[in-house]
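Accompanying notes for the structure given below.
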Number of protein chains: 2
Amino acid sequence: MSGHSKDQGGDSFLSKRRFTRRQVLGLAGTFGAGAFFGGGSVLASESAGGQTVEFYGRHQAGIATPQQDRLHFAAFDLTASSAGEVRDLMREWTEAAAWMCAGESVGEENENAFIPPDDTGEAQDLTPGRLTVTFGFGPTLFESDGEDRFGLAARRPSALREIPDLPGDALDPDRSGGDICVQACADDPQVAFHAVRNLARIGRGRAVLRWSQLGFGRTSSTSDAQATPRNLMGFKDGTNNLRAEDEDLMKRYVWVEDPGWMRGGTYLVARRIRMLIEVWDRTVLGEQEQTIGRHRNSGAPLGKKDEFDDIDLEARGPDGLPLTPMDSHVRLARERLEDERILRRGYSFTDGIDPRTAQLDAGLFFICFQRDPQRQFVPLQRRLGQNDRLNEYIQHTSSAVFACPPGAGRGGYVGEGLFA
Amino acid sequence: MSGHSKDQGGDSFLSKRRFTRRQVLGLAGTFGAGAFFGGGSVLASESAGGQTVEFYGRHQAGIATPQQDRLHFAAFDLTASSAGEVRDLMREWTEAAAWMCAGESVGEENENAFIPPDDTGEAQDLTPGRLTVTFGFGPTLFESDGEDRFGLAARRPSALREIPDLPGDALDPDRSGGDICVQACADDPQVAFHAVRNLARIGRGRAVLRWSQLGFGRTSSTSDAQATPRNLMGFKDGTNNLRAEDEDLMKRYVWVEDPGWMRGGTYLVARRIRMLIEVWDRTVLGEQEQTIGRHRNSGAPLGKKDEFDDIDLEARGPDGLPLTPMDSHVRLARERLEDERILRRGYSFTDGIDPRTAQLDAGLFFICFQRDPQRQFVPLQRRLGQNDRLNEYIQHTSSAVFACPPGAGRGGYVGEGLFA
Ligand code: HEM
Ligand code: HEM
């Protein structure tokens with residue numbers, strides 16, 4: 001028997017669906033490409049019920065919007081052979097992502113017995129779960145092995161360069177890099193999975209999955225409204241993060257101005273950081289706290305009481321030594337140059353058991369956003385990789401960088417400025 | 001530097017903590033080993049706030065208690081060398097599990113700078129998340145490669161035998177079997193992870209992790225109070241499941257009477273079933289529905305309207321063919337012998353991308369409970385494995401079976417009857 005249909009080409013899929021949707025919502029022709037919606041304050045872009053986050057806007061959602069609980073991150077490699085094909089893919093992906101973020105299924109053809117359903121169905125009875133889908137372009141989209149694959153090399157932003165080798169790196173190339181990334185965040189993991197799966201499906205013939213990473217608990221707060229969560233070392237993580245509410249700081253450290261097609265966009269750096277938790281778990285509390293540079297229970301700076309008390313890097317203990325050790329993580333992460341500030345938005349992960357060691361393979365899938373990775377993440381991590389006492393307990397196992405274009409307006413698509 | 005402490009032996013860890021807890025709760029000496037608590041109706045064993053599920057009771061929690069949203073399943077192999085050591089391990093695991101299920105941290109020593117914290121801390125500010133921890137003993141605990149490792153061979157229940165090879169199996173031995181299993185279910189994945197991690201830590205020197213599986217969405221309802229969730233094929237899963245509220249059926253199909261140490265226990269079968277989702281996703285809706293034997297959208301039997309309408313296996317369509325195809329999953333799963341009924345309690349999983357195919361590695365981590373796997377799961381799956389149309393879209397990639405002893409009373413421990 002063979003119930004498998006012929007290849008459902010992306011084009012026919014898209015045009016059919018788009019047409020129907022436009023009719024349904026009465027949007028036909030109302031909004032030209034590039035028309036912008038939203039773009040007001042971050043919080044205003046969340047729906048009243050708190051279940052949906054607006055997809056369209058000046059910035060892509062999933063960066064400055066409050067962090068959800070779960071992550072499904074996927075990196076794709078393109079098999080498309082022309083820039084036009086990539087553009088069509090971004091059009092279809094944008095539209096499908098927008099529907100999913102609104103809690104709608106992908107496509108209209110979900111009841112016709114003679115064709116495969118447009119939507120895979122597993123999110124059908126679930127809430128929208130504050131889903132956000134954030135797209136980014138890797139350096140290899142512009143140039144790979146010296147080849148200008150899509151005629152885009154001249155448009156590569158100078159800030160988008162491969163992350164260089166950094167001290168202590170133990171990277172797995174099969175979990176690093178990628179031409180395009182999709183960061184799907186939601187409060188329900190099945191909603192995030194559904195998003196990645198349906199995008200992978202729409203991309204068939206043009207993009208293949210390269211690697212993916214699940215994250216099960218956020219490890220930062222990106223908003224004043226969120227309590228600080230704990231990472232898998234048991235410490236509060238995100239206390240001294242940038243706050244998305246602070247528009248001045250976001251402008252200064254996160255949002256990009258040029259090149260023009262990136263205006264309102266930003267750069268994402270992802271690092272899968274394995275924690276050697278069995279070693280950590282055998283370490284005495286005092287050493288854990290000296291390593292991080294904060295108290296475990298309260299999250300307060302060493303010698304202070306409250307999580308949000310100021311860190312006094314000059315303070316010394318009765319023994320005359322600095323209260324916050326010279327090699328502690330927060331001191332090194334704080335004694336950065338002023339421009340090195342970043343917006344952290346990572347997740348805890350576990351990928352089962354490492355067969356070589358029979359230990360849990362778990363850690364932090366670190367994600368940060370910034371204007372220029374070469375001037376923010378890279379120098380910061382170089383210093384951390386050299387001197388951080390934390391290095392005894394962690395290992396960076398993957399690395400990737402992506403240019404996240406600005407948000408799309410209704411009728412437009414993410415990356416429009418690049419392909420226009 | 002070396003902040004790593006000397007091996008924190010389980011014994012000293014246990015006795016210290018137990019002592020403190022007993023003082024705190026004023027329980028010292030009140031309950032002897034084997035005293036039973038709870039054991040009333042399933043729902044009564046949930047706390048008022050709905051955030052904790054009572055650990056102690058006649059049955060272990062996590063079987064008949066309403067299914068939570070997330071799973072962390074772990075199989076351990078024992079490195080202990082005597083039954084006494086295994087017994088001590090079960091004592092410590094029981095106590096730690098009970099505290100975690102109550103939303104408490106493991107141990108008392110979490111503020112002393114000179115020793116490693118008893119609890120790893122990442123669940124500290126989280127709710128108890130209705131955590132349940134369910135333990136089971138694999139056949140290899142009783143006998144492995146013909147060797148009676150712990151002098152327990154004579155106590156092996158006859159129902160606890162390795163699952164034989166079944167049609168279509170493509171099992172990975174590294175994800176199958178195990179001496180002891182821990183099924184941690186919770187509404188928050190970080191709470192479930194925390195449980196497995198802390199048990200692994202307590203087990204150090206006596207038990208090593210063999211394999212583990214995360215599940216991100218429940219695929220059954222085990223209670224009338226729960227709506228039927230969808231599996232990753234987009235179909236409602238669990239419609240015709242046993243209901244834990246039906247104590248007669250539970251007694252008949254799930255709870256065990258002998259041997260004595262298993263009274264009130266049951267047997268768990270776990271099968272990691274990969275879905276070939278990229279093939280499924282290209283299959284027309286009609287064929288999908290014929291394969292399962294139900295409508296995708298409503299979950300109703302073919303030709304019916306409502307999910308809970310009765311399946312009429314005799315009904316024929318206008319073409320004279322059976323409405324529910326002879327090789328459809330629900331027909332074959334329903335035309336079982338009456339004794340073959342099981343309580344399904346599985347989870348959807350995804351483990352990233354299969355590097356050989358660049359496809360999402362995702363599916364159903366099938367878990368079921370029953371009185372006798374050899375008379376329930378095995379013949380049922382043998383028939384399904386031979387004839388089920390679903391076989392075109394799935395592959396069983398791991399297999400394990402465990403005897404889950406009855407619940408423990410306060411002061412007792414899980415498996416007490418076996419080691420006594
Ligand atoms: C597994 C790896 C890591 C762990 C466990 C970790 C943990 C922490 C913790 C507990 C804090 C203190 C609370 C807070 O202010 O958020 C912190 C602060 C910070 N971390 Fe990390 N971190 C890790 C990796 C990194 C990396 C790779 C970077 C950047 C390259 C980084 C940059 C920072 C920064 C900028 C701060 C704030 C420092 C301050 O201004 O006080 N961290 N981290
Ligand atoms: C990936 C593999 C599987 C999928 C996708 C799947 C899916 C389904 C679905 C959608 C239903 C109908 C709704 C319901 O009554 O729950 C169902 C029913 C059922 N399944 Fe499965 N199933 C799978 C594997 C298994 C296995 C391995 C067994 C046991 C060996 C099993 C036993 C049953 C039983 C007993 C029923 C109820 C039939 C009835 O009485 O109506 N399933 N399954």
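Just so it is clear, the model here is predicted, and its values are computed rather than measured. We name chains A, B, ... by the order of the sequence lines, and we start the count at 1 in each one.
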CG of B:L209 to CG of A:D354, rounded to nearest 0.5 Å, is 11.0 Å
Q.
Evaluate B:Q190 against A:D69 for side chain to side chain contact (heavy atoms under 4.5 Å, CB included), listing each step before the verdict.
A. CA-CA 10 Å; B:Q190 189 142 328; A:D69 292 337; over 6 Å; no
Residues of residues 358-365 of chain B with a heavy atom under 4.5 Å from any heavy atom of chain A, in residue-number order, are B:A358, B:L360, B:A362
Residue from B:G234, B:A74, B:A113, B:G286 scoring the most non-hydrogen pairs under 4.5 Å with chain A is B:A113
On a heavy-atom basis, the closest approach of A:R282 and B:P116 is O-CG, 3.5 Å
Turns out that what part of A:F216 lies under 4.5 Å from chain B's heavy atoms comes down to both
When the 4.5 angstrom heavy-atom criterion is applied to B:N112 and chain A, the contacting part is backbone
Assert top hit (heavy-atom pairs under 4.5 Å, partner chain A, pool B:N198, B:D351, B:T228, B:I277) equals B:I277
TODO: Report yes if some heavy atom in the side chain of A:L285 is under 4.5 Å from a heavy atom in the side chain of B:E109; otherwise report no.
DONE: no
Bottom line for B:S348: the part with an atom under 4.5 Å from chain A's heavy atoms is side chain
Assert top hit (heavy-atom pairs under 4.5 Å, partner chain A, pool B:Q288, B:E111, B:M233, B:H72) equals B:E111
B:R204/A:E278 under side chain to side chain contact (heavy atoms under 4.5 Å, CB included): CA gap, chis, key distance, verdict: CA-CA 10 Å; B:R204 208 155 59 81; A:E278 59 293 347; 5.7 Å; no
In terms of heavy-atom pairs under 4.5 Å with chain A, the winner among B:D119, B:T120, B:N231 is B:T120
Start with the C-alpha gap between B:I353 and A:R210, add the side-chain angles, then the distance that decides, and say whether side chain to side chain contact (heavy atoms under 4.5 Å, CB included) holds.
-> CA-CA 8 Å; B:I353 293 163; A:R210 178 182 171 89; over 6 Å; no
B:N297 and A:Q124: side-chain donor and acceptor closer than 3.5 Å? yes
Of the listed B:H194, B:R230, B:E122, the one with the largest count of heavy-atom pairs under 4.5 Å with chain A is B:R230
Applying side chain to side chain donor-acceptor pair (under 3.5 Å) to A:D327 and not counting sequence neighbours gives A:R389
In terms of heavy-atom contacts, A:G352 and B:S212 come closest through CA-OG, 3.3 Å
Comparing A:V208, A:D125, A:T291 against chain B, the one with the most heavy-atom pairs below 4.5 Å turns out to be A:D125
Counting heavy-atom pairs under 4.5 Å with chain A, the top scorer among B:P229, B:P355, B:G217, B:P117 is B:P117
When the 4.5 angstrom heavy-atom criterion is applied to B:L232 and chain A, the contacting part is both
### Query
Is it true that A:R197 and B:D281 make a salt bridge, defined as a side-chain N closer than 4.0 Å to a carboxylate O?
yes
Assert top hit (heavy-atom pairs under 4.5 Å, partner chain B, pool A:N110, A:D77, A:L126, A:D174) equals A:N110
